[in-house]
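Working notes, structure below.
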Amino acid sequence: MNIRLFKPSLGQEELDNLKEVFDRAWLGNGPTVVKFEEEWSRYIGARISIGVNSATAALHLALTAYHFPAGKKVLVPAITFASTATAVLYNNLIPVFVDVEVDTVSMDLEDLRRKYDKDCVAVIPVHNGGYPVPMDKLMVIAKELGLKVIEDCAHCAGGEYKGKKLGMWGDIGCFSFEEKKCMTTGDGGMICSNDLELLEPLRAYRWVGIDKDTWRRAENANQHAENEAMHWHYEISVLGYKYNMNDVAAAIGLAQLHKLDSMNARREAIIRRYLDGIKGMKNIVQIFPYETGNGAYWFFGVRCKDRDKLILHLKNKGIATGVHFYPLSMQPLFKPYAHECPVADSIWETFITLPSHVDLTHEEVDYVIEALKEFDNQ
Ligand SMILES: Cc1ncc(COP(=O)(O)O)c(C=O)c1O
């Protein structure tokens with residue numbers, strides 16, 4: 001056996017959509033991006049969505065939307081992917097690392113209150129692995145402290161908390177469609193919100209500051225060919241980035257979006273099988289409490305004191321594993337911003353992510369469970 005940790009689930013629907021884009025021969029930011037943005041908005045329940053080329057870009061621009069003065073602080077969880085905190089640095093802001101809860105690996109809201117000071121302007125809750133941050137509680141705290149809330153939904157496309165889609169609880173939601181995520185566009189991301197005025201300017205920021213998309217100008221040129229010589233005109237009044245999504249990515253994204261709920265359901269079935277399989281094990285427990293039927297979980301993970309030995313045991317059986325994630329303040333870049341996060345610093349050493357992608361067969365999941373059992377019984 002050779003079992004991959006992550007694998008995108010792709011099929012004929014993606015190819016059919018790509019064919020349309022090829023036939024139109026417009027591969028850059030164009031009408032397919034607009035269609036994907038509109039369908040995403042309808043799916044998630046947002047008034048506006050903006051397609052970008054990654055969640056890293058989405059997080060960067062979400063903070064840019066507020067034009068916070070340099071040197072202000074943004075609260076981020078201690079355990080997350082680099083981009084949650086690099087987005088803060090890109091905006092000349094300071095990350096403040098908040099510890100995680102021992103059982104859920106979710107931002108500890110008590111520690112958030114402890115770490116808060118008057119320079120804090122925003123918080124980026126991360127639904128780590130798809131486990132939802134208790135957004136009802138966080139929104140009350142954020143309101144009290146005057147914090148803007150940018151949800152990092154890189155791991156939970158389609159997930160809900162208390163009946164409301166993740167990404168729609170905070171002021172802005174940022175999603176990742178990188179190849180390993182709940183759904184993919186190869187690389188890609190989405191920024192969404194109900195605040196049109198806040199997000200509309202980001203269209204220029206994602207397109208090197210240019211106020212009109214090229215394809216709209218091309219369309220305009222075709223429609224007013226005889227009397228309009230200025231179809232090419234545009235204005236650059238902000239320092240933007242080359243962060244736009246393109247039609248190739250959006251074509252894949254539209255097909256993936258149509259399958260998102262069923263892919264999430266399949267992942268949940270795999271997780272339930274794992275949960276049954278590890279029941280009663282002495283040395284291996286689930287990484288956090290999977291409340292199946294609630295969120296959209298990106299991966300199945302476990303905790304084991306002998307983490308590195310278990311990784312090698314699985315590797316020798318052809319089973320790929322990962323660790324999500326290092327506490328960021330352990331990384332050299334973030335050391336200057338290190339704060340006390342004793343829970344994050346201790347629990348991460350037990351984390352192992354197991355294969356849980358949608359195309360895994362039951363036989364493959366059972367093979368991984370058998371390998372875990374063998375290790376547990378040693
Ligand atoms: C929590 C989190 N936020 C942001 C990102 C960045 O996503 P992208 O690869 O789309 O930039 C990731 C990527 O893994 C992530 O795990």
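All values below were derived from every heavy atom in this structure, side-chain atoms included, with hydrogens, water molecules and symmetry-related copies excluded. Indexing begins at 1, ligand by ligand and atom by atom, following the structure's order. For reference, positions follow the sequence shown, starting with 1.
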In plain terms, say whether [X] and [Y] are close enough for a salt bridge, that is, a side-chain N and a carboxylate O under 4.0 Å apart.
{"X": "Asp366", "Y": "Arg273", "result": "yes"}
{"X": "Asp23", "Y": "Lys19", "result": "yes"}
{"X": "Lys7", "Y": "Asp359", "result": "yes"}
{"X": "Arg114", "Y": "Asp111", "result": "yes"}

Atoms of ligand 1, numbered as shown, that sit under 4.0 Å from any heavy atom of [X]:
{"X": "Gly188", "answer": "10 (O)"}
{"X": "Thr80", "answer": "1 (C)"}
{"X": "Ser83", "answer": "4 (C), 6 (C)"}
{"X": "Phe325", "answer": "16 (O)"}

Using a 4.0 Å heavy-atom cut-off, which part of His155 comes near ligand 1: side chain, backbone, both, or neither? side chain
Which part of Ser54 is near ligand 1, with near meaning a heavy atom under 4.0 Å away: side chain, backbone, both or neither?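 Contact part for Ser54 vs ligand 1: both backbone and side chain.
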Below 3.5 Å, N or O to N or O, backbone or side chain included: is there any such pair between [X] and ligand 1?
{"X": "Trp298", "answer": "no"}
{"X": "Glu178", "answer": "no"}
{"X": "Lys181", "answer": "yes"}
{"X": "Ala55", "answer": "yes"}
{"X": "Asp187", "answer": "no"}
{"X": "Thr56", "answer": "yes"}

Between Glu38 and Ser41, does any side-chain donor sit less than 3.5 Å from a side-chain acceptor?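 The criterion, which ignores hydrogens and geometry beyond distance, is not satisfied for Ser41 and Glu38.
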Just wondering, do Phe81 and Tyr326 contact through their side chains at under 4.5 Å, heavy atoms?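 Tyr326 does not reach Phe81 side chain to side chain.
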What's the separation between atom CG in Leu360 and atom OH in Tyr274, rounded to the nearest 0.5 Å?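 Between atom CG of Leu360 and atom OH of Tyr274 there are 6.0 Å.
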